[in-house]
Amino acid sequence: MFPSVRAEACLQLPSKGYSIIQRVPKTALITGITGQDGSYLAELLLQKGCRVFGMIRRSSYEKLDRIAHIEKDLELIQGDLLDQNSLHNAIALARPDEVYNLAAMSFVPTSWNQPVLTGEFTGLGATRLLEAIRQIKPDTRFYQASSSEMFGKVRQTPQNEDTAFYPRSPYGVAKVYAHFITVNYRESYNLFAVSGILFNHESPRRGLEFVSRKISYGAACIKLGLAQSLSLGNLEARRDWGYAGDYVRAMWLMLQQDRPEDFVIATGASHSVSEFVESAFSHLGLDWHDYVKVDPKLLRPAEVHHLLGDHGKAERVLGWKPEVRFEQLVKMMVDADLALLQRQISAGNSPAPRV
Ligand code: NAP
Ligand code: G4F
């Protein structure tokens, strides 16, 4: 049904009656390659033998820390989701078999301060990219980074691919728009365009402002005597937290299928922020009650109280399931932050606690 862009050309040898599979490397373009997920996805695609292009936006200083270790293997193109022409150029230059649209303004609290800009990046940005694909290379397979934040004030628990959306932030609203424009381009133009509805996923590369990393970094600072306390907002909120390295595998799998379909990616277990705190501090031998303060300024105008995903379809169709569980994830992040801070101290740098 869909034009095949699989990286395999089959050459028939009639005299011997068998065929040789000749592998032609696929080309992928990642927007948001400098972010947490972009860096893990780029590593995965390189391991799979792909030629990997990454789109980066111009900045007054380079923010390539997450991809520094693989930068020599990547081809970086300047572009911005706000600029249609740059997206056309990126598609024309890379001529990708696969595009992963991971770029977005992804921090929920900022979306209340910058609702219009969030709509431009996170919502309309997807349309601009889809248009560039439609006009220049419509056989490109397209992945949209949809979010469990779209479920917001949840209509059912656990949430699956059929659960109605009720976003609670300008970010969530923009993601719903991007989600449905992806569905719409699939249905209107027969593009191979899919959305992965991913629940929260974390790693040692997570931005310091997200709660998981704020806790792991804050606890490590306290353990090393670099900070005395950690201020947080709503400790009761519950999330279905998984590991980013597992989740980028699901993105790739979605683009290798015969049919374009949307999938929920989650662990199927939810924990509260206070459980995350408890796990992180106790791993360091600390009692969190002695250090954690609630700062009302960190509460949100509208909260998403409880997210829990059902990844049954992904397990059945993609053969995907999470490998890293909650306790392992927390320990991985705390250990990584402790080691990071210790390296900085031994190098004579004074780490700046952000707690
Ligand atoms: P992230 O670490 O915040 O990375 C976001 C990326 O988007 C960065 O590379 C950033 O570039 C880029 N970007 C932002 N605005 C851009 C623009 N106008 N033009 C081009 N690039 C732009 O986010 P992440 O955690 O990796 O998440 C990846 C995607 O998945 C995002 O779309 C996010 O909304 C979505 N998502 C994430 C989760 C999660 O739990 N992590 C769950 C569901 C969905 P700079 O480096 O230049 O800032
Ligand atoms: O870590 P968070 O900021 O992530 P949030 O808002 O769930 O969004 C993340 O996951 C989404 C998927 O559902 C992504 F689409 C999105 O891009 C992003 O990656 O906050 C998690 C929870 C919230 O309920 C928040 O109120 O933690 C609570 N929280 C409590 N104290 C805090 C804090 N969040 C932050 N960032 N900082 C705090 O001090």
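Count residues from 1 along the sequence. One-based numbering, in listed order, for ligands and for the atoms of each.
Here the protein heavy atom with the shortest distance to atom 4 (O) of ligand 2 is Asn200 ND2, 3.6 Å. Taking atom 36 (N) of ligand 1 as the reference point, the nearest protein heavy-atom neighbour is Tyr171 OH, 3.9 Å. The closest protein non-hydrogen atom to atom 19 (O) of ligand 2 is Arg206 NH2, 2.9 Å. When hydrogens are left out, the protein atom nearest atom 21 (C) of ligand 2 is Val211 CG1, 3.8 Å; that is the closest non-hydrogen contact.
The existence of a salt bridge linking Asp65 and Lys63 is excluded, since no basic side-chain nitrogen approaches an acidic carboxylate oxygen closer than 4.0 Å. In summary, Glu303 and Arg239 engage in a salt bridge, as defined by a charged side-chain N under 4.0 Å from a carboxylate O. The pair Glu43-Arg205 meets the salt-bridge criterion, since a charged nitrogen lies less than 4.0 angstrom from a carboxylate oxygen. Between Glu149 and Lys175 no salt bridge is recorded (no basic side-chain N to carboxylate O distance below 4.0 Å). Salt bridge annotation for Glu131-Arg128: absent, with no cationic side-chain nitrogen under 4.0 angstrom from a carboxylate oxygen.
For Asp287, the side chain to side chain contact (heavy atoms under 4.5 Å, CB included) criterion is met by His289, Asp290, not counting sequence neighbours. With sequence neighbours excluded, no residue forms a side-chain hydrogen bond (donor to acceptor under 3.5 Å, both in side chains) with Tyr171.
For His201, heavy-atom contacts with ligand 1 shorter than 4.0 Å involve the backbone as well as the side chain. Contacts with ligand 2 closer than 4.0 Å are made by side-chain heavy atoms of Val108 only, the backbone lying farther away. Only the side chain of Lys63 comes within contact range of ligand 1, with a heavy atom under 4.0 Å; no backbone atom does. Only the side chain of Lys175 comes within 4.0 Å of ligand 1, counting heavy atoms alone; its backbone N, CA, C and O stay farther away. At a 4.0 Å heavy-atom cut-off, ligand 1 does not touch Ala244 at all. Contacts of Ser106 with ligand 2, taken as heavy-atom pairs under 4.0 Å, involve both backbone and side chain. Residue contacts with ligand 2, taken as heavy atom pairs separated by less than 4.0 Å, involve Leu232 via backbone and side-chain atoms alike. Contacts of Glu303 with ligand 2, taken as heavy-atom pairs under 4.0 Å, involve the side chain alone.
Assignment of Arg205 to the shell around ligand 1 is not supported, since no heavy atom sits closer than 4.0 Å. Within the structure, ligand 1 lacks Gly125 among the residues with a heavy atom less than 4.0 angstrom away. Residue Asp80 places a heavy atom under 4.0 Å from ligand 1. Ligand 1 lies within reach of Arg206, whose nearest heavy atom is under 4.0 Å from it.
Backbone and side-chain nitrogen or oxygen atoms of Gly233 are examined, and one is located within less than 3.5 angstrom of a nitrogen or oxygen of ligand 2.
Those atoms of ligand 1 with a heavy atom of Asn200 less than 4.0 angstrom away are 40 (O). Close approach to Gly32 involves these atoms of ligand 1, each under 4.0 Å from a residue heavy atom: 6 (C), 7 (O), 9 (O), 12 (C). Set against the non-hydrogen atoms of Ala145, the atoms of ligand 1 under 4.0 Å away are 29 (C), 30 (O), 32 (O), 35 (C). Which parts of ligand 1 touch Gln36 is read off a 4.0 Å heavy-atom cut-off, strictly below it: atoms 2 (O), 25 (O), 26 (O), 41 (N). For ligand 1, the atoms sitting less than 4.0 Å from at least one non-hydrogen atom of Ser146 are 43 (C), 44 (C), numbered in the order shown with element in parentheses.
Selection from Arg238, His306, His305, Lys214 by nearest heavy atom to atom 38 (C) of ligand 2 gives Lys214. Between the choices Ser148, Ser106, Ala174, the shortest heavy-atom distance to atom 23 (O) of ligand 1 belongs to Ser106. The residue from Arg300, Arg239, Arg213 that puts a heavy atom closest to atom 2 (P) of ligand 2 is Arg300.
Note: Phe276 and Trp288 fail the aromatic proximity criterion, with ring centroids not under 6.0 Å apart. Ring centers of Trp241 and His201: at least 6.0 Å apart, outside the cut-off. Checked against a 6.0 Å centroid threshold, the rings of Phe165 and Phe180 count as neighbours.
Relative ring orientation between His271 and Phe326 is described as parallel, the plane-to-plane angle staying below 30° on a 0-90° scale split at 30° and 60°.
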Passes ring pair (Phe, Tyr, Trp, His ring centres under 6.0 Å), Trp320 versus Tyr247? Steps please.
CA-CA 9 Å; Trp320 180 90; Tyr247 285 40; 5.5 Å; yes

Could you walk me through whether Tyr143 and Met254 pass the side-chain contact (heavy atoms from CB on, under 4.5 Å) check?
CA-CA 8 Å; Tyr143 173 88; Met254 282 179 224; 3.7 Å; yes

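For the pair Phe263 and Val317, the minimum side-chain heavy-atom distance is below 4.5 Å.
Under a cutoff of 6.0 Å and an axis angle of 45°, Arg206 and Phe210 form a cation-pi pair.
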